Amino acid sequence: VDEDPSDPQLMRLDNMLLAEGVSGPEKGGGAAAVAAATAAVGVGADNSIEHSDYRAKLSQIRQIYHTELEKYEQACNEFTTHVMNLLREQSRTRPISPKEIERMVNIIHRKFSSIQMQLKQSTCEAVMILRSRFLDARRKRRNFSKQATEILNEYFYSHLSNPYPSEEAKEELAKKCAITVSQVSNWFGNKRIRYKKNIGKFQEEANLYAAKTAVTATQAVAAAVQNSQTNSPTHCFCFCFSPCLFRFFRFV
DNA sequence: AAAGATGATTCACA
DNA sequence: TGTGAATCATCTTT
């Protein structure tokens, strides 16, 4: 897919989350984080997500991740100082070595970092869910506008002898039709094969578009004729033998 | 609901 | 790598 929907922001978040190696699933704990993160992936009843919607939800997830992370950080610090205070109190009744304190702090930090890992994992999952739903939504087929098909058909039937638009032509068509270049490519791919399979079925359409382009060509000729009366007459000759006109006269 | 139309995807090939 | 062909999935028409 050349129009990759993967948002650079999303990739950054993914990479950030995955780079540190998310640990294996540890059940229990971090449930609140999972709930918070996945809650951000709510979708409409029709299960479709607009691009802006998608971005909004993505930043929502990111925000949840960061606030949760901050909360854990704070909780970790608070708990550590709490334990330190307890140890200090205990030191009045029994001797406590610095090594024991260090060990305690280590245990606490390990515990909290494992919780943070779970947070990362659940955020990752939430992003994945969001992304897959977004992709599903994009997968949904929607017909092009009438105007767009008109433009595409005009090109197709006026280039019937070689209906292979160049990359530049595709880009221009895409721009005119407000679709992507790959959609233009798809359209032409489908059109060529379907036209070839049943030329008879498309005859009417072909005539229609040949006539349509002929009319514009005729108008151009008329303009050229008028122009040639005041300027050089060579232009008129060129217009008269345009392929569109030629085809038009063959059909009618 | 069935049939037809149409945009997208997949795969093979030159 | 662009294309043809087959096919899928969804939209539109009947």
Side-chain angles (χ1 to χ4, degrees), chain A residues 1-15 18 38 40-58 61 124-217 242-244 246-248 250-252:
Chain A
V1 186
D2 63 357
E3 257 72 35
D4 196 327
S6 50
D7 194 301
Q9 276 183 306
L10 177 139
M11 293 307 284
R12 240 179 291 133
L13 182 59
D14 280 359
N15 291 337
L18 294 168
T38 48
V41 196
V43 286
D46 60 345
N47 204 40
S48 70
I49 308 175
E50 295 297 320
H51 191 254
S52 58
D53 206 14
Y54 170 76
R55 292 178 68 96
K57 287 196 192 306
L58 197 63
I61 291 173
C124 229
E125 278 170 17
V127 169
M128 291 304 179
I129 291 167
L130 179 67
R131 178 144 67 155
S132 75
R133 290 201 182 154
F134 178 66
L135 285 168
D136 280 351
R138 290 196 64 180
R139 211 186 164 88
K140 273 197 169 183
R141 200 175 66 71
R142 200 151 297 194
N143 287 0
F144 296 152
S145 70
K146 227 168 172 199
Q147 224 174 350
T149 27
E150 193 108 326
I151 291 163
L152 293 167
N153 272 318
E154 256 168 44
Y155 188 99
F156 182 79
Y157 286 111
S158 63
H159 296 76
L160 210 49
S161 55
N162 186 36
Y164 295 85
S166 64
E167 196 55 36
E168 293 81 55
K170 281 182 192 172
E171 276 168 26
E172 190 166 336
L173 285 167
K175 207 167 143 190
K176 274 194 204 165
C177 301
I179 58 178
T180 67
V181 172
S182 50
Q183 283 178 306
V184 173
S185 297
N186 285 340
W187 190 92
F188 273 88
N190 285 324
K191 190 73 183 181
R192 280 192 299 264
I193 189 74
R194 283 164 186 166
Y195 178 82
K196 200 182 80 176
K197 266 187 181 171
N198 193 350
I199 294 175
K201 198 179 76 182
F202 289 97
Q203 202 54 249
E204 203 179 328
E205 192 179 73
N207 294 344
L208 191 90
Y209 281 101
K212 193 176 287 187
T213 47
V215 167
T216 57
S242 83
C244 300
F246 212 73
R247 197 165 296 113
F248 174 61
R250 259 211 346 247
F251 277 121
V252 288

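Small disclaimer: the values here were computed from a predicted structure and weren't measured. Chain letters run A, B, ... following the sequence lines, proteins first, then strands; residues in each count from 1.
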(message) Please enumerate all residues that pass side-chain hydrogen bond (donor to acceptor under 3.5 Å, both in side chains) together with A:Asn186, with sequence neighbours excluded.
(response) none
(request) Identify, between A:Lys197 and A:Ser185, the residue whose nearest nucleotide on DNA chain C lies closer to the 5' end. (result) A:Ser185
(request) Check ring pair (Phe, Tyr, Trp, His ring centres under 6.0 Å) between A:Phe156 and all other residues, then give those that pass, not counting sequence neighbours. (result) A:Tyr195
(message) Regarding A:Asn143 and A:Arg141, do their side chains bring together a donor and an acceptor under 3.5 Å, going by distance alone?
(response) yes
(request) Could you identify which residues of residues 164-176 of chain A place a heavy atom less than 4.0 Å from some atom of DNA chain C, listed by residue number, or say none? (result) A:Tyr164, A:Lys170
(request) Assert yes or no for the condition that the ring centre distance of A:Tyr155 to A:Phe188 is strictly below 6.0 Å. (result) yes
(request) Using a 4.5 Å cut-off on heavy atoms from C-beta on, say whether the side chain of A:Glu171 contacts that of A:Lys175. (result) no
Show me the donor-acceptor pairs, under 3.5 Å and distance only, between side chains in residues 146-154 of chain A and residues at least two apart or in other chains.
from     : atom 1 : to       : atom 2 : distance (Å)
A:Thr149 : OG1    : A:Ser145 : O      : 3.0
A:Thr149 : OG1    : A:Lys146 : O      : 3.0
A:Glu150 : OE2    : A:Lys212 : NZ     : 2.8
A:Asn153 : OD1    : A:Lys191 : NZ     : 3.2
A:Asn153 : ND2    : A:Thr149 : O      : 3.2

(request) May I have the distance from A:Phe188 (atom CZ) to B:dA8 (atom P), rounded to whole angstrom? (result) 14 Å
(message) Just to be sure I follow the notation: if a pair is Watson-Crick (purine N1 to pyrimidine N3 plus N6-O4 or O6-N4) or a G-U wobble (N1-O2 and O6-N3), each under 3.5 Å, what dot-bracket string does DNA chain C give, with | for pairs to another strand?
(response) ||||||||||||||
What does the list of N/O pairs under 3.5 Å between the protein and nucleotides 5-7 of chain B look like, with a distance for each?
from  : atom 1 : to       : atom 2 : distance (Å)
B:dT6 : O2     : A:Arg141 : NE     : 2.8
B:dT6 : O2     : A:Arg141 : NH1    : 3.4
B:dT6 : O2     : A:Arg141 : NH2    : 3.2
B:dG7 : OP2    : A:Trp187 : NE1    : 3.4
B:dG7 : O4'    : A:Arg141 : NH1    : 3.3
B:dG7 : N7     : A:Arg194 : NH1    : 3.2
B:dG7 : O6     : A:Arg194 : NH2    : 2.7

(message) With a 4.5 Å cut-off on side-chain heavy atoms, are A:Pro165 and A:His159 touching?
(response) no
(message) Without decimals, in angstroms, what is the distance between A:Ile193 CD1 and C:dG2 P?
(response) 19 Å
(message) Using 0.5 Å steps for rounding, measure from the CD1 atom of A:Ile193 to the CG atom of A:Asn198.
(response) 12.0 Å
(request) Indicate yes or no for a side-chain donor-acceptor contact from A:Gln183 to the backbone of A:Thr180 under 3.5 Å, with no hydrogens or angles considered. (result) yes
(request) Hey, could you give me the CZ/NZ distance between A:Phe202 and A:Lys196, rounded to the nearest 0.5 Å? (result) 13.0 Å
